[in-house]
Amino acid sequence: MRHGFMAGCSLSAYCPEYVGKTVSYLKQFYPELSIIQQCCGKPLYYIGEQQKFEKQYNKLLDSIDDCQVDEIIVACQGCLSMLRQSERVKSVSLWPVLAKVGLPAAAIGKAKDSDMVFTIQDSCPTRNETDIHQAVIQLLRELGYQVKLAKLSGKNTLCCGMGGMCGVANPKLAHDAMVHRVETLPTKNIVTYCASCRSAMMNGGGQSWHLLDLIWGPVVMQGDHCPENVLNSTFISWKNRYRTKKVLEHV
Amino acid sequence: MIKYSAATLAKAQYISETCSACRRCQRDCVFLSQQGQTPDQLFGDFVTTGKMDPKIAYSCQLCQHCTLVCPHKLDLAAAFLAIRQDLITQNHGRLPLKQLNGVRFNQIFSNFKLFTYTRKGD
């Protein structure tokens, strides 16, 4: 079976280095891995631009076909939820894949001496995909972190505030939703597996780490500050998307 | 005035007739709680008047938590999405909120070769 990898726009805008490291690692298990660095068109779908969305989405599916990919590994839950609607390609979330192949040896147990207790903001587009929720908990525990789940987690998760393009259409309401979501969580130290959710949790007053920050980055202790909220900067976000392309060209 | 499709109006009518106004959907949704009206009122008004403020239609986060907690499993997200689609298609492709133009620009930039890359594996 031939595999492909798709990081998604927001993760690419967040951290090019971690996208590159993830692809390098996956290639150890899937040497024939194809790279698909394209937008799925979900923002167009959300605002109701159905025709433009279909054009964008079919362009993505054509690229996946051109690479003869049988199964695409997707890091973004938004992209995954869109690809799930197609019968043309089989899609799988990155997180159960990492749980299956195992973390890099250097990452296993690296946080066993950390006093940090994380909660998880599950992504709402994949609220019904319990294998993803379980994989994320498993990966955090294998890293060595303690996890305290929110009452509203897994399939009961709440939106981070950015969903449905609300952040664009009604920023005040989106901010209120971000603050509300952080208030519903048992700790302000929040792990996400969506770069947009991470940004939203920070805008809502939390400290938030992407799961890839914890796999590839330094061990986090209580009181540590999370990485900068780069998605709040349009310039840095686009610069990072360009940098991600350059990183992927050489992986 | 926007002429909404029969399919959109049918979705709205079903919600307005089925919602029992239990307000469970408002408990954890900032949008629905701030909006104030229960779904039966909100969509009932829409069916009656044929109008909905675009800012309301575009404030739903489409996360479907409301469907999860609704005793009737009403799909509010699908109704709001259908209204959004009609707001554009029935208005000759013009966006109903000027801030949504940013999404169009974002999509155009996303397709620039500066940001896209495809490589077939060996």
Side-chain angles (χ1 to χ4, degrees), chain A residues 2-4 9 12 27 30-39 41 43-52 56 59 63 66-69 124-125 127 152 155-166 168-171 173-174 176-177 179-181 184 238 241-242 244-246 248-249, chain B residues 8 27-35 53-69 76-77 80-91 93 95-122:
Chain A
R2 290 177 58 85
H3 291 83
C9 300
S12 302
K27 286 188 80 168
Y30 310 105
E32 82 306 337
L33 193 75
S34 294
I35 310 286
I36 314 285
Q37 185 70 1
Q38 282 185 36
C39 179
L44 292 169
Y45 175 77
Y46 268 166
I47 67 167
E49 293 246 59
Q50 189 63 21
Q51 283 185 338
K52 286 188 173 135
Q56 180 72 32
K59 191 173 154 191
S63 295
D66 290 345
C67 290
Q68 297 176 319
V69 167
C124 58
R127 68 164 65 253
L152 296 172
K155 74 173 189 176
N156 294 312
T157 193
L158 295 183
C159 175
C160 67
M162 298 285 269
M165 290 291 120
C166 179
V168 177
N170 193 345
L173 176 74
D176 289 349
V179 171
H180 174 72
R181 180 49 173 157
T184 64
W238 285 106
R241 284 176 71 170
Y242 172 71
T244 300
K245 172 193 167 122
K246 295 317 249 181
L248 290 173
E249 280 176 349
Chain B
T8 299
R27 198 177 301 159
D28 289 304
C29 174
V30 175
F31 160 55
L32 290 174
S33 64
Q34 284 189 5
Q35 202 279 327
D53 180 348
K55 199 161 181 183
I56 292 177
Y58 279 92
S59 289
C60 172
Q61 287 149 1
L62 308 178
C63 78
Q64 297 192 305
H65 189 264
C66 54
T67 306
L68 192 77
V69 298
L76 273 56
F80 283 122
L81 191 60
I83 291 169
R84 294 180 188 191
Q85 288 168 352
D86 284 358
L87 278 167
I88 294 175
T89 54
Q90 302 296 322
N91 197 24
L95 294 170
L97 297 170
K98 66 177 188 307
Q99 58 268 42
L100 297 175
N101 279 307
V103 178
R104 278 186 175 166
F105 289 129
N106 183 291
Q107 199 63 68
I108 292 167
F109 293 149
S110 288
N111 284 321
F112 285 179
K113 284 188 178 170
L114 281 171
F115 309 114
T116 60
Y117 179 63
T118 304
R119 185 177 73 218
K120 185 178 175 183
D122 299 328

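In the text below, chain A, chain B and the rest are named by the order of the sequence lines, each starting its count at 1.
Within 6.0 Å of atom OH in B:Tyr117, more than 12 heavy atoms from other residues, nucleotides or ligands are found, so the atom counts as buried in its surroundings. Annotation: B:Lys120, atom NZ; neighbour count of heavy atoms from other residues, nucleotides and ligands within 6.0 Å is above 12. Around CD of B:Gln34, the count of heavy atoms belonging to other residues, nucleotides or ligands within 6.0 Å exceeds 12.
Contacts of A:Thr244 with chain B are absent, with no heavy-atom separation under 4.5 Å from either backbone or side chain. Interface remark: B:Ile88 contributes side-chain atoms only to the contact with chain A (heavy atom separation under 4.5 Å). With a threshold of 4.5 angstrom between heavy atoms, A:Pro125 does not approach chain B through any atom at all. In this structure, no portion of A:Lys246 lies under 4.5 Å from any heavy atom of chain B. Only the backbone of A:Asp66 has a heavy atom closer than 4.5 Å to any heavy atom of chain B. At a 4.5 Å heavy-atom cutoff, the contact between A:Arg127 and chain B is made by side-chain atoms alone. Both the backbone and the side chain of A:Tyr45 come within less than 4.5 Å of a heavy atom in chain B. Only the side chain of A:Gln56 comes within contact range of chain B, judged by heavy atoms closer than 4.5 Å. Residue contact with chain A, scored on non-hydrogen atoms closer than 4.5 Å, is absent for B:Asp86. Contacts of B:Leu87 with chain A are absent, with no heavy-atom separation under 4.5 Å from either backbone or side chain. Using a 4.5 Å cut-off between heavy atoms, B:Leu114 touches chain A through backbone and side chain atoms alike.
Shown here for B:Arg119 and A:Lys27, the closest heavy-atom pair between the two residues is NH2-NZ, 3.6 Å. Listed here is the closest heavy atom pair of B:Asp122 and A:Glu32: O-CB, 3.2 Å. Smallest separation of non-hydrogen atoms from A:Ala177 and B:Val30: CA-CG2, 3.8 Å. For A:Ile47 against B:Arg84, the heavy-atom pair with the smallest separation is O-CB, 3.7 Å. Residues B:Asp28 and A:His180 approach most closely at O-NE2, 3.6 Å, considering heavy atoms.
A side-chain donor-acceptor contact under 3.5 Å links A:Lys245 to the backbone of B:Thr116. The closest donor-acceptor contact from the side chain of A:Ser34 to the backbone of B:Gly121 lies under 3.5 Å. Checked by atom type and distance alone, the side chain of B:Gln99 pairs as donor or acceptor with a backbone atom of A:Ala169 at under 3.5 Å.
Separation of atoms CG (A:Leu158) and CD (B:Gln61) is listed at 9.5 Å; rounding is to 0.5 Å. Interatomic distance, A:Gln37 CD to B:Ser110 OG, rounded to the nearest 0.5 Å: 10.0 Å.
Among A:Val69, A:Leu44, A:Ile36, A:Leu152, the residue making the largest number of heavy-atom pairs under 4.5 Å with chain B is A:Leu44. Heavy-atom pairs under 4.5 Å with chain A peak, among B:Leu81, B:Val69, B:Ile83, at B:Leu81. Of the listed residues A:Ala174, A:Cys124, A:Pro31, A:Pro171, the one with more heavy-atom pairs under 4.5 angstrom with chain B than any other is A:Cys124. Comparing A:Gln68, A:Arg181, A:Met165 by heavy-atom pairs within less than 4.5 Å of chain B, the highest count is held by A:Gln68. The choice from A:Gly4, A:Cys160, A:Cys9, A:Gly161 that makes the most heavy-atom pairs within less than 4.5 Å of chain B is A:Gly161.
The shortest distance between side-chain heavy atoms of B:Asn111 and A:Lys59 falls below 4.5 Å. At least one side-chain heavy atom of A:Asn170 sits under 4.5 Å from a side-chain heavy atom of B:Lys55. Proximity of A:Pro43 to B:Gln107: side-chain heavy atoms (C-beta onward) are separated by under 4.5 Å at one or more points.
With sequence neighbours left out, the side chain to side chain donor-acceptor pair (under 3.5 Å) criterion links A:Tyr46 to A:Lys42. The side chain to side chain donor-acceptor pair (under 3.5 Å) search around A:Arg2 returns none, not counting sequence neighbours.
A:Gln50 and B:Thr89 share no donor-acceptor pair across their side chains, judged by distance under 3.5 Å alone.
In this structure, B:Phe109 and A:Trp238 have perpendicular ring planes: the angle between them is above 60°, well past the 30° mark.
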